[in-house]
Amino acid sequence: MPQRIKGTVASPGIRIGKAYVYQTSKVYIPKYDITVDQIDAEIIRFEDAIRKTKEEIKSIQGQIATSLSKDMADIFSSHIMMLEDPQIYEKTKELVRSELRNVEWVLNDTALDLMKGFSAIEDEYLRERILDISDIHKRLISNLQKQKVDSVSLANLKEEVIVFASDLTPSDTAMMNKKYVLAFVTDKGGRTSHTAIMARALELPAIVGTMNATSMVRDGDTVICDATHGEVLINPTPELIEEYTRYQEELRAMEIELAKLTSLPSLTVDDEEVFLYGNIELPDEMAVIKEHGAQGIGLFRSEFLFLGRSLPDENTQFCEYRKVVEFFNPLPVTIRTLDVGGDKIFSYTNEYRERNPFLGCRAIRFSLENVDLLRTQIRAVLRASHYGTVKLMFPMVSTVEEIVRAREILDETRDELDRAGIPFDHEIAVGVMIEVPSAVIAGDLLAKHSDFFSVGTNDLIQYTLAVDRISEKVAYLYDPLNISVLRFLKQIVVIARDADKPLSICGEIAGEPIYTMLLLGLGFRHFSMSSASMNQIKRIIRAVRIEDCNRLADELLSMEKAADIERRLMEVTAREFPWLTL
Ligand code: PEP
Ligand code: MG
């Protein structure tokens with residue numbers, strides 16, 4: 001029996017090949033005392049190493065900018081900034097002088113302290129910055145000792161392999177010889193690490209967070225890396241290899257088939273137009289979204305510009321928003337204001353832990369408590385609106401008062417910009433996310449204060465059913481097909497239609513093929529999702545008739561139990577779309 005290891009999919013795909021266990025080189029840290037006379041020479045040695053390290057990082061950046069994208073190359077700008085950070089640069093020199101220890105010793109202690117501090121942080125994105133520190137640390141120490149870091153890197157592979165590593169730094173990933181790396185698997189890491197982001201941009205299948213893959217696999221073992229289901233199979237039987245090879249070929253054939261759809265319109269058989277938009281967390285993802293034929297961005301989760309970094313000021317935010325807005329111009333970009341709280345812990349909110357974070361000071365509630373942050377963000381969004389079509393959206397609105405107050409702040413900010421002569425789109429559309437039951441129930445009133453609605457089903461399901469969306473214990477209750485959820489969805493479609501407000505849906509179910517006919521039947525015509533789902537959803541749209549979808553939705557709405565609804569939906573989906581793997 002093959003061994004199976006589970007992990008998190010960082011980048012999807014299936015690859016079969018030989019394992020290569022990458023031992024990240026352990027750098028040797030010499031430790032010795034120095035005399036006062038040696039201080040200057042030691043500091044010069046440190047400054048030389050810093051200079052050399054910066055040159056190396058810039059050269060990697062150059063390579064990535066040409067082979068990948070400028071955004072990916074920008075990841076390394078943070079490495080250069082870290083080298084200039086007083087916490088590292090000044091502090092190291094100060095400690096060499098005051099403690100009379102050699103630079104490697106001092107640097108090692110500083111890096112360990114920094115990493116220890118980061119590892120205690122709960123926010124996943126921040127925690128994963130440890131890898132960036134370790135990357136720089138390794139380079140600096142090697143340059144102090146005039147060793148070549150990349151002599152042991154993944155750039156020197158000679159045959160195709162699936163790389164296993166405890167963890168990979170962004171430069172490990174960037175320097176990989178793409179010709180020979182089929183996929184990679186790491187013990188540590190999550191979806192938000194820079195390594196995972198790069199794997200997606202490289203379209204390299206990757207599984208992260210397996211905990212112990214490196215201790216279970218040996219160099220040369222045959223492995224199947226199934227990064228569609230997040231599973232690694234070590235030394236599979238010939239039958240399994242055959243099965244997965246077939247599956248891999250099917251996936252490839254399907255991708256080729258689906259890719260042909262990108263330039264085709266998303267029209268149903270009876271000519272009803274359905275609009276597909278992308279969900280993004282960071283501007284890095286915009287190019288892939290556009291390549292998939294999206295008609296704009298339906299959800300820009302702006303909080304990812306805030307998580308794990310110091311507070312971005314107005315200009316930093318403006319530049320990031322403008323980048324996306326100009327790129328999509330004239331297609332719309334819907335920027336959602338900061339949605340922190342719940343599972344997205346932000347350093348600013350760290351001191352105060354709530355008992356029920358999902359029911360606490362989250363999303364628009366947080367923004368209205370921290371009005372200065374909100375004003376800064378709105379100013380940045382408004383300024384970006386001058387460069388294309390921007391829509392501004394507020395998350396988790398649960399009362400009319402909240403949208404009224406948010407709009408007052410928006411109006412004040414507009415006046416400020418007008419007085420300062422700063423251009424922006426005066427017609428900017430302002431919307432609310434429908435994510436809590438109260439927003440559905442009072443939807444007609446919210447409609448009076450907003451220009452559009454976007455349904456966030458990820459949260460709407462959790463709040464409708466009182467099920468924590470990240471709890472494994474009650475996951476069985478978290479069901480998009482619960483009749484209460486379906487009734488809410490129908491209700492909001494009717495409210496939006498009556499109020500003549502555009503309505504979209506941007507929760508995960510918008511990108512899951514099994515729900516497409518149902519959502520069309522309920523009346524949704526604007527879907528926002530991640531790039532990976534877009535072609536599949538378009539293929540379904542192009543194969544259905546609205547009247548069949550309507551009939552199906554009516555039938556499902558007349559049922560009681562989620563299990564029965566699911567069974568019926570699976571039956572119809574399997575019959576209509578036999579090419580889908582359900
Ligand atoms: C949602 O709740 O459906 C949504 C799109 O927002 P998020 O997943 O970011 O909470
Ligand atoms: Mg939400």
Side-chain angles (χ1 to χ4, degrees), residues 123-125 190-192 276-282 285 289 294 296-308 333-346 349 356-367 377 391-398 402-403 406 431-440 443 446 450 452-471 475 478-482 484-486 488-489 492-493 503-512 515-516 518-519 522 524 526-534 537:
D123 173 50
E124 189 190 353
Y125 183 93
R191 276 186 59 80
T192 54
L276 302 183
Y277 309 91
N279 286 356
I280 59 169
E281 277 79 45
L282 291 168
E285 300 162 66
I289 294 275
I297 296 293
L299 171 65
F300 181 168
R301 291 183 162 100
S302 70
E303 58 275 10
F304 284 84
L305 297 174
F306 292 70
L307 298 174
V333 174
T334 310
I335 304 176
R336 170 174 83 180
T337 60
L338 201 53
D339 180 8
V340 289
D343 58 342
K344 286 176 246 174
I345 311 294
F346 171 37
T349 56
N356 291 308
F358 275 115
L359 300 181
C361 187
R362 193 192 153 189
I364 193 169
R365 302 174 184 178
F366 175 86
S367 292
Q377 180 165 35
K391 295 166 131 197
L392 175 67
M393 178 158 85
F394 293 103
M396 207 190 155
V397 173
S398 60
E402 281 168 344
I403 183 64
V432 297
M433 285 192 76
I434 304 293
E435 308 191 88
V436 295
S438 63
V440 181
L446 291 176
S450 44
F452 66 93
F453 287 156
S454 182
V455 185
T457 43
N458 304 340
D459 277 313
L460 186 61
I461 297 165
Q462 98 161 331
Y463 293 122
T464 301
L465 302 173
V467 180
D468 183 339
R469 69 192 250 189
I470 56 174
S471 160
Y478 186 93
D479 195 338
L481 295 176
N482 182 292
S484 311
V485 175
L486 300 191
F488 267 158
L489 291 178
I492 199 66
V493 167
L503 171 73
S504 66
I505 178 162
C506 62
E508 292 310 301
I509 65 170
E512 288 172 26
Y515 302 109
T516 312
L518 167 64
L519 294 174
L522 288 171
F524 288 95
H526 296 253
F527 291 61
S528 193
M529 62 196 76
S530 64
S531 61
S533 319
M534 240 166 242
I537 301 292

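Numbering of ligands and ligand atoms starts at 1, following listing order. What's counted below: heavy atoms across the whole structure, side chains too, no hydrogens, waters or symmetry copies.
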(request) Check each atom of ligand 1 against the heavy atoms of Leu299 and keep those under 4.0 Å away; list them by number with element. (result) 5 (C)
(request) Would you please name every residue forming a side chain to side chain contact (heavy atoms under 4.5 Å, CB included) with Thr337, sequence neighbours left out? (result) Leu374, Gln377, Leu392, Phe394, Pro395
(message) According to ring-ring contact (aromatic ring centres under 6.0 Å, His included), who are the partners of Phe527, at least two apart in sequence or on a separate chain?
(response) none
(request) Tell me, with the steps shown, if Asn482 and Thr464 meet side chain to side chain contact (heavy atoms under 4.5 Å, CB included). (result) CA-CA 10 Å; Asn482 182 292; Thr464 301; 5.9 Å; no
(message) Quick test of your reading of the model: are Arg301 and Asp339 salt-bridged, counting only N-O distances below 4.0 Å?
(response) no
(message) Against ligand 1, does Arg362 come closer than 4.0 Å with any heavy atom?
(response) yes
(message) Given Met529, Arg469, Glu435, identify the one with the heavy atom nearest to atom 8 (O) of ligand 1.
(response) Arg469
(request) Verify the distance criterion only: is there a donor paired with an acceptor across the side chains of Asn279 and Ser528 at less than 3.5 Å? (result) yes
(message) Please confirm whether Arg336 approaches ligand 1 to less than 4.0 Å, judged on its heavy atoms.
(response) yes
(message) Exactly one of Leu489, Val485, Leu519 should register a side-chain contact (heavy atoms from CB on, under 4.5 Å) with Thr457. Which one does?
(response) Leu489
(request) Would you mind running through ligand 1 and noting each atom that sits below 4.0 Å from a heavy atom of Arg301? (result) 4 (C), 5 (C), 6 (O), 7 (P), 8 (O), 9 (O)
(message) Out of all atoms in ligand 1, which are within 4.0 Å of some heavy atom of Gly507? Include the element for each.
(response) 3 (O)
(message) For Met396, which part has a heavy atom under 4.0 Å from ligand 1: side chain, backbone, both, or neither?
(response) neither
(message) Using a distance threshold of 2.8 Å, state whether an N, O or S atom of Asp339 lies below it from the Mg ion (ligand 2).
(response) no
